[in-house]
Amino acid sequence: MTIPIAEMRIAGLEAGERVIARADGPGRVVLEREEDILESFSGSLTGVFDHAILEQLRDEWD
């Protein structure tokens, strides 16, 4: 599907961004930006783990 660039800019969307399409009545489709689950939870456990433990776990990856 091709969306006019001016409309994308107004909506704050960029080329290649994932969207969800849903019907909103006859002849009407609404596009919504797909939620980035990783971004939603990123940083949510800040302060839960001791820094030394995290460094020890990271060292195990090498």
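Predicted, not measured: the structure shown is a model, and the values here were computed from it. Basis for what follows: all heavy atoms, side chains included, without hydrogens, waters or symmetry-related copies.
Remark: the backbone N or O of Gly12 is paired with a side-chain donor or acceptor of Arg33 at under 3.5 angstrom. Listed for the Glu7 side chain is no donor-acceptor partner under 3.5 Å among the backbone atoms of Pro4.
The neighbour count for Gln56 CD, taken as heavy atoms of other residues, nucleotides or ligands under 6.0 Å away, does not exceed 12. A 6.0 Å sphere centred on CG of Leu38 holds no more than 12 heavy atoms belonging to other residues, nucleotides or ligands. Taking a 6.0 Å sphere around CD of Glu55, one finds it holds more than 12 heavy atoms contributed by other residues, nucleotides or ligands.
Taken together through direct or relayed side-chain contacts under 4.5 Å among Ile, Leu, Val, Met, Phe, Trp and Tyr, Val48 and Leu54 form part of one hydrophobic cluster. Transitive grouping of hydrophobic side chains (ILVMFWY, heavy atoms separated by less than 4.5 Å) brings Val29 and Val19 into a common cluster.
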I would like to know whether Leu31 and Ile3 meet side chain to side chain contact (heavy atoms under 4.5 Å, CB included); could you show each step before the answer? CA-CA 10 Å; Leu31 300 176; Ile3 303 169; 3.4 Å; yes
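Between Glu34 and Arg18, the shortest heavy-atom distance links the atoms OE1-NE, 2.8 Å.
For the atom pair CD1 (Ile53) and CZ (Arg58), the distance works out to 12.0 Å, reported to the nearest 0.5 Å.
Not counting sequence neighbours, the partners of Asp24 by the side-chain hydrogen bond (donor to acceptor under 3.5 Å, both in side chains) test are Arg28.
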